[in-house]
Amino acid sequence: MINLFDTAQNKIVPFETRKPNEVSMYICGPTVYGPPHLGHGRFALSFDILRRYLEYSGFKVIHVSNITDIDDKIIQRANQENKLTSEIASFFEAKWFEDMEKLNVLRPTFNPHATEYIDSMIDLINQLFNLDIAYAIDDGIYLEVAKVKNYGSLSNQDLESLKSGARVDVNPYKRSPMDFTLWKHSKPGEPAWSSPFGMGRPGWHTECVVMSLQLLGEGFDLHGGAQDLIFPHHENELAQAKALSKRFANHWVHCGWVTVAGEKMSKSLDNYTTLDELLSAHDARSFRLLVLQSHYRSPLEITKETLKTADVAVARLDSAFRRFKDSIDLDTLESDMGNIRQDYLKEFQTAMNNDLDTPRAMSLVFEIVTRSNALADIANDVHKMKLATDEFKAALFICKVLGLDLKDTSNDLDQNTMNLIAKRDAARISKDFKLADQIRDELSELGWVVEDTSSGTRVHK
RNA sequence: GGCGGCGUGGUCGAGUGGUUUAGGCAGGGGCCUGCAAAGCCUCGUACGGCGGUUCGAUUCCGCCCGCCGCCUCCA
C-alpha cells in the first residue's frame, strides 16, 4: 500500500484509488508565457517520479496536465512583442515539452489547453451564476466565497483570517476581498470569447475544475501541483466543485519549491535559472538526482556546486553500469522483475510507499553499487561475477523505475581514437610507459577519461 | 495580524525515542596500479538555545532565537 501526504488532511494517509488498478491524476501544468525554470523542472520531475512509481506498482496511470494558453501574462507578452497570444503560447509550449523531454519527463496522457474548453467553462460559470453563488460587477463575474461551505479547508485557513490578511483590493465592488474572478470582461484588443455575460475570457481557477472533471470524472484520485498552488488556486478550484456539489479530488499532493540562497525561486524575484541554462552546463540526470536525493515536499536548493557534486555521483553510477552492462540483458531487465533481487526491491518499495522516500531509495542504490563493485573486485570466477552482477541489476532497475537512465559513454569511438588506443596498448605491452603516458595525455585532451583494464585501455567521456 | 514550514557533522541532504550506519560530494589514511583512472577498505562521531516528559531525546511537549513561505500572479 502506497502512503502519501494529503494536503487536505495534513497527514500521510493510504493512497486509495477509485478503481483497483488505475490512477486518475490531474497535475496543474504551466502557463506558457516564458521559458521554464528550475522550479518548473523540479515540479515536473517530482510528479514524473510519482507517476513512474505508480506505474511500477501496477497502476495504469491516466495523467492529465493542462496547458494554460490564455492569461494576463500571455496577453502582456504578446503586446510587448507585437504578436498574437496564440503565437506566444504555442512557442513556449513547444519549449516546455522540449525541455521536459530532455529531463526524461514522461508526456502526460492528455494535455488539454484552456482555450479548447471555453464553452464548458462558460457553462460552469453559468451554473454558478444561476445558483446565485456567482455575481456580476463591472469588470467580470466573481464567485462569492462566503457561499461556499468550509471555504479554506484545503489550505487550512478560515475565511475570517484570510480576510484580515487580505491586501487592499483594487476592486471595491467585490463583496469580499476573497471573492475571485470566474470571467473577465475583455478590454479592447484583448482576445475574447462571447458568453452570456459578455465578451471576455475565463479566470484561471475555472479551467482546471472543468478539465479535470471532464477528463477524469468526479472523485478522481489525485490532484497535484507545487505548494504555491494550494492557495488560492486549488482552494478556488475546490470551491467551484463544492458549489456545484461535485466530488472533486480525493487526494492532494503538493511539492516544495526550489530555493536560491534560501529564498523561493520565482520570476517576480528575478532569481531564476532557466532549464536551458542548466541543461547547457550539466547532465539532465544530475538535476533528477538532486530531486531524488531530497524529499519532494522539502525546499530544494540548487546551485552550481550541488549540480557539480551530482554530476560526479551520476558518473559513479555510469561507471558501474559500464562495468556490468555486458553481462546484463537490458531488453528484459524491466519485463523480468523476478530476475531482480527481491530483498532490494522490497526495501525500495518500503521506502517509496512511505510518502515517496526517494532519498532513502537513492541511498539504497548507492549501497548496492558499492556492494556490487566490492564483490566484482574480489570475484575470481564466473559464478562470483554473476553474484556481483545480480546485485547491480537491482540498482540499475531501481534507477530505471525512477527515470534515471544509466549510460555507457564509451561507445562511438572514432577511427583516430581507436588508433590511439591500439598504439597505447602496444606501448604498454612493450613497457614503453613514456609513450603510453603521452598517448593518454592526447586522449584526455580529446575529452576522454582513460582507464586501464584487464582487457586493455578503455575510454569514456 | 492569521496559517504553515525549516534550523542536522566541511558541504548538500535524509531519518529516527535507545543497541550498527542514511546516502552523495569534498577531505585524511590504506589496498590495487608501471604511474594513473576506476574500484574497494578505513577515519571524522552532527542534530539552533533553554526547560519539560522519559530509565533514556537529535527524534515527543512548551517557550525562545534565527530563517523562509502562503494570505496578490507564481511550479
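Just so it is clear, the model here is predicted, and its values are computed rather than measured. Chain identifiers are assigned alphabetically (A, B, ...) following the order of the sequence lines, protein sequences preceding nucleic acid strands; residue numbering begins at 1 within each chain.
Ranking rC70(B), rC40(B), rC71(B) by closeness to the Lys264(A) side chain, first place goes to rC70(B). Nearest nucleotide to the Asn373(A) side chain, out of rC40(B), rC74(B), rC35(B): rC40(B). For Arg440(A), taking side-chain heavy atoms from C-beta onward, the closest of the listed nucleotides rA75(B), rC35(B), rA38(B) is rC35(B). In this structure, of rC40(B), rA75(B), rA37(B), it is rA75(B) that holds the atom nearest to the side chain of Tyr33(A). Nearest to the side-chain atoms of Glu263(A) among the listed nucleotides rC68(B), rG2(B), rA75(B) stands rC68(B). For Val449(A), the listed nucleotide lying nearest its side chain is rA37(B); candidates were rA75(B), rC71(B), rA37(B).
Interatomic distance, Ile302(A) CD1 to Thr259(A) OG1, rounded to the nearest 0.5 Å: 8.0 Å.
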Enumerate the protein-to-nucleotides 30-33 of chain B contacts in which both atoms are nitrogen or oxygen and the separation is below 3.5 Å.
none

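No donor-acceptor pair closer than 3.5 Å links the side chain of Asp408(A) to the backbone N or O of Arg322(A).
Residues passing the ring pair (Phe, Tyr, Trp, His ring centres under 6.0 Å) test with Tyr272(A), sequence neighbours excluded: His37(A). In terms of the side chain to side chain donor-acceptor pair (under 3.5 Å) criterion, residue partners of Gln240(A) (sequence neighbours excluded) are, by chain and number, Thr206(A). Scanning for ring pair (Phe, Tyr, Trp, His ring centres under 6.0 Å) contacts around Tyr135(A) gives an empty result, with sequence neighbours left out. Scanning for side-chain contact (heavy atoms from CB on, under 4.5 Å) contacts around Leu269(A) gives Ser266(A), Asn271(A), with sequence neighbours left out. Scanning for side-chain contact (heavy atoms from CB on, under 4.5 Å) contacts around Arg371(A) gives Tyr344(A), Glu391(A), with sequence neighbours left out. Looking at residues two or more places apart in sequence or on another chain, you find a ring pair (Phe, Tyr, Trp, His ring centres under 6.0 Å) between Phe348(A) and Tyr53(A), Tyr56(A).
Contact check of residues 139-154 of chain A against RNA chain B (heavy atom, cut-off under 4.0 Å) returns no residues at all.
As judged by a 4.0 angstrom heavy-atom cut-off over every strand, Val258(A) is placed among the base-contacting residues. Within 4.0 Å of Phe231(A), counting heavy atoms only, lie sugar-phosphate atoms of the nucleic acid but no base atom. Among the protein residues, His37(A) comes within range of the nucleic acid bases, having at least one heavy atom under 4.0 Å from a base atom.
Summary of the strand contacts: Arg424(A) and Ser268(A) both lie near RNA chain B, and taking for each the nucleotide with the nearest heavy atom, the more 5' one is attributed to Arg424(A). Taking the nucleotide of RNA chain B with the nearest heavy atom to each of Asp377(A) and Phe43(A), the more 5' of the two is matched to Asp377(A).
No donor-acceptor contact under 3.5 Å links the side chain of Lys267(A) to the base of rC74(B). You won't find any donor-acceptor pair under 3.5 Å spanning the side chain of Asn10(A) and the base of rG4(B), going by distance alone. Judged by atom type and distance alone, Arg323(A) does not reach the base of rA38(B) through any side-chain donor-acceptor pair under 3.5 Å.
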Produce a footprint string for nucleotides 10-29 of chain B: one letter per nucleotide, 5' end first; B if the base is under 4.0 Å from any protein heavy atom, S if only the sugar-phosphate is, - if neither. --SSS-------BSSSS---
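Distance, Lys431(A) NZ to rC35(B) P: 11 Å, rounded to whole Å. When rounded to the nearest whole Å, the span between NE2 of His254(A) and P of rG5(B) equals 15 Å. Computed from coordinates, the Met178(A) CE to rC3(B) P distance equals 15 Å when rounded to whole Å. One can place CD of Glu237(A) at 14 Å from C1' of rC74(B), the figure rounded to the nearest angstrom. Residue Ile439(A) contributes atom CD1, which lies 17 Å from atom C1' of rA37(B) at whole-angstrom precision. Between the P atom of rG69(B) and the CG atom of Asp228(A) lies a distance of 12 Å, rounded to the nearest Å. Between the CH2 atom of Trp204(A) and the P atom of rC73(B) there is a distance of 8 Å, given to the nearest Å.
Salt bridge status for Asp48(A) with Arg51(A): absent, with no side-chain N to carboxylate O gap under 4.0 Å. Look at Asp405(A) and Arg288(A) and you find no salt bridge, because none of the NZ, NE, NH1 or NH2 atoms lies under 4.0 Å from a carboxylate O.
Nearest heavy atoms, Pro112(A) versus Met211(A): CB-SD, 3.5 Å.
For residues 308-319 of chain A, the pairs satisfying salt bridge (Lys or Arg N to Asp or Glu O under 4.0 Å) are Arg285(A)-Asp318(A), with sequence neighbours left out. The ring-ring contact (aromatic ring centres under 6.0 Å, His included) analysis of residues 284-328 of chain A, with sequence neighbours excluded, yields the pairs Phe324(A)-Phe392(A).
Around CZ of Phe433(A), the count of heavy atoms belonging to other residues, nucleotides or ligands within 6.0 Å exceeds 12.
The same atom, P, is picked in rC43(B) and in rG48(B); the two are 26 Å apart, to the nearest Å. Nucleotides rC31(B) and rA75(B) are separated by 48 Å at their C1' atoms, to the nearest Å.
The aromatic ring centres of His234(A) and His223(A) sit less than 6.0 Å apart.
For rG4(B), one of the phosphate oxygens OP1 or OP2 lies less than 4.0 angstrom from a side-chain nitrogen or oxygen of Asn156(A).
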For RNA chain B, the dot-bracket notation using Watson-Crick and G-U wobble pairs below 3.5 Å, [ ] for pseudoknot-type crossings and | for other-strand pairs, is (((((((..(((.....[....))).(((((.......)))))....(((((..]....))))))))))))....
